[in-house]
Amino acid sequence: MKDTDIVWMQRALALAEKAMELGEVPVGALLVFEEEILGEGFNQPIQSSDPTAHAEIVALRQGGMKRQNYRLPNTTLYVTLEPCAMCAGALVHSRVERLVYATPDPRSGAAGSVLSIINHPQLNHQMKVTSGVLQEAASHLLKSFFQKKR
């Protein structure tokens, strides 16, 4: 874990809180290149009526537009929840170098919890993974959101 991982994850948690305020599952993500945010997002599939509007996809789209390229090498994606299969696939295809996530997703995580897309040996790109950065805070946010829904 790098010193800056906590700072960036705090920003991702703030984005997750914004999602929660809008009634979305509280997940936030940001894409960083050399200490600059290229893109950031929070879950918004409900409000946008877009099943692909996960925090990671929103951040990757912004990063691609900013870089004017669909490839995002030498970047790090910070996200508060382990990516699902769709988001993990997008990370692989965009050639993100490093994934940092706060808490695992035991139901649909694709960075090792349920599936291992991020570093599948048959895919043409693998990335470095760091997990557990501010895990307690991210887990608490998700648990409180779902408790209120019940």
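Note: hydrogens, waters and symmetry copies are ignored here, and every other heavy atom, side chains too, is used.
- Every side-chain hydrogen bond (donor to acceptor under 3.5 Å, both in side chains) that S108 has, sequence neighbours left out, goes to D105.
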- Message: What verdict does the side-chain contact (heavy atoms from CB on, under 4.5 Å) test give for Y78 and D5, after you've listed the backbone C-alpha separation in whole Å, the side-chain angles of each residue and the deciding distance to 0.1 Å?
- Response: CA-CA 8 Å; Y78 293 87; D5 287 351; 2.8 Å; yes
- Task: Dump the intermediate steps for side-chain contact (heavy atoms from CB on, under 4.5 Å) on H120 and L123, then the final yes or no.
- Result: CA-CA 6 Å; H120 196 285; L123 297 177; 3.8 Å; yes
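- Side chain of N43 to backbone of A55: a donor-acceptor contact under 3.5 angstrom is found.
- With sequence neighbours left out, the side chain to side chain contact (heavy atoms under 4.5 Å, CB included) criterion links D3 to no other residue.
- No side-chain heavy atom of H54 sits less than 4.5 Å from a side-chain heavy atom of L81.
- Contact record, L30 with A59: CA-CB, 4.3 Å, taken as the closest heavy-atom pair.
- In plain terms, the two heavy atoms of G28 and A16 that are nearest each other are N-CB, 3.5 Å.
- Here the straight-line distance linking atom CZ of F42 with atom CD of E21 works out to 9.0 Å at 0.5 Å rounding.
- With rounding to the nearest 0.5 Å, the separation of CG in L15 from CE in M9 is 11.0 Å.
- Around NE2 of H125, the count of heavy atoms belonging to other residues, nucleotides or ligands within 6.0 Å exceeds 12.
- Residues forming a salt bridge (Lys or Arg N to Asp or Glu O under 4.0 Å) with E97 (at least two apart in sequence, or on another chain): K128.
- The backbone N or O of H140 lies less than 3.5 Å from a partner atom in the side chain of S144, making a donor-acceptor pair.
- Taken together through direct or relayed side-chain contacts under 4.5 Å among Ile, Leu, Val, Met, Phe, Trp and Tyr, V129 and I117 form part of one hydrophobic cluster.
- In this structure, Q62 and G39 approach most closely via the heavy-atom pair OE1-CA, 3.4 Å.
- No side-chain donor from either of R71 and S94 sits under 3.5 Å from a side-chain acceptor of the other.
- Contact detail for P51 and P45: the closest heavy-atom pair is CA-CB, 4.3 Å.
- The distance from the OG1 atom of T76 to the CG atom of L99 is 9.0 Å, given to the nearest 0.5 Å.
- Every residue was checked against the side-chain hydrogen bond (donor to acceptor under 3.5 Å, both in side chains) condition with S116, not counting sequence neighbours, and none meets it.
- Each salt bridge (Lys or Arg N to Asp or Glu O under 4.0 Å) pair with one or both residues in residues 132-145, not counting sequence neighbours, would appear here, but there are none.
- Atoms CD and OG, on E82 and S131 in that order, are 8.0 Å from each other to the nearest 0.5 Å.
- E40 meets the side-chain hydrogen bond (donor to acceptor under 3.5 Å, both in side chains) test with R11; sequence neighbours excluded.
- A pairwise comparison of heavy atoms in R67 and P73 identifies NH1-O, 3.1 Å as the closest pair.
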- Message: Would K2 and R98 count as a side-chain contact (heavy atoms from CB on, under 4.5 Å) here? Give the steps.
- Response: CA-CA 12 Å; K2 299 178 180 179; R98 184 169 175 248; 3.8 Å; yes
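- The side-chain hydrogen bond (donor to acceptor under 3.5 Å, both in side chains) search around T52 returns D50, R61, not counting sequence neighbours.
- Among all heavy-atom pairs drawn from P106 and V114, the shortest one is O-CG2, 3.3 Å.
- Every residue meeting the side chain to side chain contact (heavy atoms under 4.5 Å, CB included) condition with F146, not counting sequence neighbours, appears here in chain and number order: V25, L142, R150.
- L77 contributes atom CG, which lies 12.5 Å from atom CH2 of W8 (distance to the nearest 0.5 angstrom).
- Not counting sequence neighbours, the partners of A138 by the side chain to side chain contact (heavy atoms under 4.5 Å, CB included) test are L13, T80, A102, T103.
- Neither V58 nor V79 shares a network with the other; the hydrophobic side chains, linked directly or stepwise wherever heavy atoms of I, L, V, M, F, W or Y lie under 4.5 Å apart, form separate groups for each.
- The hydrophobic cluster around I57 extends to M86, counting ILVMFWY residues whose side-chain heavy atoms fall within less than 4.5 Å of a member.
- Remark: E36 pairs with L38, K66 by the side chain to side chain contact (heavy atoms under 4.5 Å, CB included) rule, at least two apart or across chains.
- Note that the CE atom of M127 and the OG1 atom of T75 stand 8.5 Å from one another [nearest 0.5 Å].
- Pairs engaging residues 107-123 under the salt bridge (Lys or Arg N to Asp or Glu O under 4.0 Å) rule: none recorded [sequence neighbours left out].
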